[in-house]
Number of protein chains: 2
Amino acid sequence: MKGGAGLPDHDPTDVWRRPERSTVGPKPEHSRNGIATAAVSIADEEGLTAVSIRRVAAGIGAGAASLYRYVKSHDELVELMMDTVAGEYRYTGGSGHARGQLLNLAHQGRDIMHRHPWLAPLLLTRPSMGPNSLRYLEAAVSALATVDLPGPAKLQTVAMMSALTSAFVQNELASGGGRMGAAADRVLYLAETLNTGDYPHLAEAMTERGETGHSEEQFAAVLTNYLAGAGIPA
Amino acid sequence: MKGGAGLPDHDPTDVWRRPERSTVGPKPEHSRNGIATAAVSIADEEGLTAVSIRRVAAGIGAGAASLYRYVKSHDELVELMMDTVAGEYRYTGGSGHARGQLLNLAHQGRDIMHRHPWLAPLLLTRPSMGPNSLRYLEAAVSALATVDLPGPAKLQTVAMMSALTSAFVQNELASGGGRMGAAADRVLYLAETLNTGDYPHLAEAMTERGETGHSEEQFAAVLTNYLAGAGIPA
DNA sequence: CGCAAATTGCGATCACCGTTCGCAATTAAG
DNA sequence: CTTAATTGCGAACGGTGATCGCAATTTGCG
């Protein structure tokens, strides 16, 4: 019968506990930063599945096995990528109301995910605890400093807002951004299925003339809805 | 230079457009359903990464290549799995207020994701358009039948509620449910990092005594917050 | 200065993955 | 009974993450 459900396998966040380089031995020809940015460009241009150890190694002109001198696993590489793009947030002095600050962060997050289409799925799936990611969290929590809420509740609120953001952006990217082709087949199948008469409410909701192209406002509306409900003052 | 970002590759939702079996030829020794349920058990017991073509084939006593007579790709297999567990929803007659019906669905969804820990990440990542998934959507949208909202807005609301649910459950599973081991390392790293003095608000929010063990109520609170903000009447 | 210890780069290799191909066996239709 | 379609599947292909062992390099110590 052996083990249960997946051995520990090693935590990707260990990258942040390990010193990048020790004092002795030959100087490394590369760096975590260089590797991460190379991986990010590859993902931007060819999709996340193209980010393999070999591909990234080739991208920086190194042998495949050499990458493991900088990163202990493929998961750690992804961790580096996530933290790299988390570095694209810009933090203005914490002025203004809590809701406004959070909306600003969410808007920036949306922009970042649009720049890096592979990001949203990862954010919805993995924690990401690098310094830049933590800086984002710090900014979001500190926006709630004046709000009367227990600490865990603040964290929960931030987490849910982030999830909402990622999910919304992923819908955006799946609908319009993607190449046709696969989407066309799906639409065809959906049309057929909705015509069967099962799912009447669904059919009506989907056929109704949608005011498309208002992503911007829809996004703001969704987030405002949640924050208002959560008691975050405007 | 070649292509851009990932060729069409084939849409997983094609499974639903294809007849399970044609009229001629030998009788298949297996079925989509059997394969799907086998795959689900494997994922339940050994994790999603254990669900490989070979492993599933072995699970039903078949050769690896034989699976491709029932499913065109690994993605389609996953699609079958998702729709299979979506079949665990129970729909009561559409009575009661909109918010209550939606909360009921969300609660069921949470239970299902607890039963199948591999589900939440998938739901956050893929569409899933099988009959059972569509049935769920139909139920959710029909709960909004009496609410004065344009069709697309209803869909948006349902999508966001589902995302919120999946994200919340994933947090639950990552925190408590998972084996220690990896989590222990992470906690250690977090403690170290928060002691550095950067991230002061984050540190305070995390160190504050959390009222843990109230997942149930927290869950209801999060969803109610959103639905209230979205204007869904209680 | 020179030597020992640690570290780097990396070719070769392993185990596994998704997927394709070709073929024997089976079945329904004409 | 023949024909055509379909099934099951062993074998193989290309790609993946990861490990190992070794030559080359660099630091620090005596």
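A, B, ... follow the sequence lines: proteins, then strands. Residue 1 opens every chain.
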A.B. asks: On the nucleotide C:dG9, are OP1 or OP2 found under 4.0 Å from the side-chain N or O atoms that A:Tyr70 carries?
C.D. replies: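 So the side-chain polar atoms of A:Tyr70 do come within 4.0 Å of the phosphate oxygens OP1 or OP2 of C:dG9, strictly under.
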A.B. asks: Once you round it to whole Å, what is the distance between P of C:dT8 and NZ of A:Lys27?
C.D. replies: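 Answer to the nearest Å: 14 Å.
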A.B. asks: D:dC9, D:dT16, C:dT19: which one has an atom nearest the side-chain heavy atoms of B:Ser73?
C.D. replies: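 The closest nucleotide is C:dT19.
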A.B. asks: Rounded to whole angstrom units, what separation is found between the NE2 atom of B:His74 and the P atom of C:dC16?
C.D. replies: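 The answer, rounded to whole Å, is 16 Å.
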A.B. asks: I want to check one thing: is the phosphate of C:dT8, taken as OP1 and OP2, less than 4.0 Å away from some side-chain N or O of A:Tyr68?
C.D. replies: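 No, outside the criterion.
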A.B. asks: Considering only NZ, NE, NH1 and NH2 on the basic side and carboxylate oxygens on the acidic side, decide whether B:Arg18 and B:Glu76 come within less than 4.0 Å.
C.D. replies: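 A salt bridge links B:Arg18 with B:Glu76.
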A.B. asks: Please tabulate, for side-chain N and O atoms in residues 48-68 of chain B, each donor-acceptor pair with protein atoms closer than 3.5 Å (sequence neighbours left out).
C.D. replies:
{"from": "B:Ser52", "atom 1": "OG", "to": "B:Arg55", "atom 2": "N", "distance (Å)": "3.1"}
{"from": "B:Arg55", "atom 1": "NH2", "to": "B:Glu46", "atom 2": "OE2", "distance (Å)": "2.5"}

A.B. asks: What integer distance in Å separates B:His10:NE2 from C:dG18:C1'?
C.D. replies: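 Value for this atom pair: 14 Å.
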A.B. asks: Taking the nucleotide of DNA chain C with the closest heavy atom to each, which residue, B:Thr49 or A:Glu20, is nearer the 5' end?
C.D. replies: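 That would be A:Glu20.
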A.B. asks: Without decimals, in angstroms, what is the distance between B:Arg55 CZ and C:dC16 C1'?
C.D. replies: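 After rounding, the gap between these two atoms is 14 Å.
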A.B. asks: Quick one: B:Lys72 NZ to D:dT7 P, roughly how many Å, whole number?
C.D. replies: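 So the NZ-P distance, B:Lys72 to D:dT7, works out to 13 Å.
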A.B. asks: Hey, can you tell me if A:Tyr70 and A:His30 have their rings parallel, tilted or perpendicular (30° and 60° cut-offs)?
C.D. replies: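 Because their plane-to-plane angle is over 60°, the rings of A:Tyr70 and A:His30 count as perpendicular.
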A.B. asks: Mind calculating the distance between CD1 (B:Ile53) and P (C:dA15) to the nearest angstrom?
C.D. replies: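 That distance rounds to 22 Å.
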A.B. asks: By nearest atom, which of the nucleotides D:dG17, C:dT19, C:dG9 is closest to the A:Ser66 side chain?
C.D. replies: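 Closest nucleotide among those given: C:dG9.
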A.B. asks: Is there, by distance only and without an angle test, a donor paired with an acceptor across the side chain of A:Arg54 and the base of D:dG15 below 3.5 Å?
C.D. replies: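 Per atom types, no contact qualifies.
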A.B. asks: Taking CG from B:Leu67 and C1' from C:dT20, how many angstroms apart are they, rounded to a whole number?
C.D. replies: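 Between C1' of C:dT20 and CG of B:Leu67: 15 Å.
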A.B. asks: I need the CD1-P distance between B:Ile60 and D:dT7, as an integer number of Å.
C.D. replies: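 From B:Ile60 CD1 to D:dT7 P: 13 Å.
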A.B. asks: Each nucleotide in nucleotides 1-7 of chain C should get exactly one letter: B, S or -. Can you fill that in based on protein heavy atoms under 4.0 Å?
C.D. replies: -----BB
A.B. asks: Please work out which of the three classes, parallel, tilted or perpendicular, describes the rings of B:Phe168 and B:Phe219, given edges at 30° and 60°.
C.D. replies: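 Ring orientation, 0 to 90° scale: tilted.
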A.B. asks: Taking atom types as modelled, find out whether A:Glu79 and A:His74 have a side-chain donor-acceptor pair closer than 3.5 angstrom.
C.D. replies: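 No, no side-chain donor-acceptor pair sits under 3.5 Å.
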A.B. asks: Would you indicate what B:Ala64 reaches in the nucleic acid, counting non-hydrogen atoms under 4.0 angstrom: base, sugar-phosphate, or nothing?
C.D. replies: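 Since no nucleic acid heavy atom lies under 4.0 Å of B:Ala64, the category is nothing.
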A.B. asks: Taking atom types as modelled and ignoring hydrogens, do the side chains of A:Trp118 and A:Asp44 form a donor-acceptor contact shorter than 3.5 angstrom?
C.D. replies: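 The criterion, which ignores hydrogens and geometry beyond distance, is satisfied for A:Asp44 and A:Trp118.
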A.B. asks: Between A:Asp11 and A:Thr13, do the side chains contain a donor N or O and an acceptor N or O under 3.5 Å apart?
C.D. replies: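 Indeed, the side chains of A:Thr13 and A:Asp11 share at least one donor-acceptor pair under 3.5 Å.
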A.B. asks: Students often get this wrong, so: under 4.0 angstrom with heavy atoms, is A:Ala62 touching a base, only sugar-phosphate, or nothing?
C.D. replies: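 Touches sugar-phosphate only.
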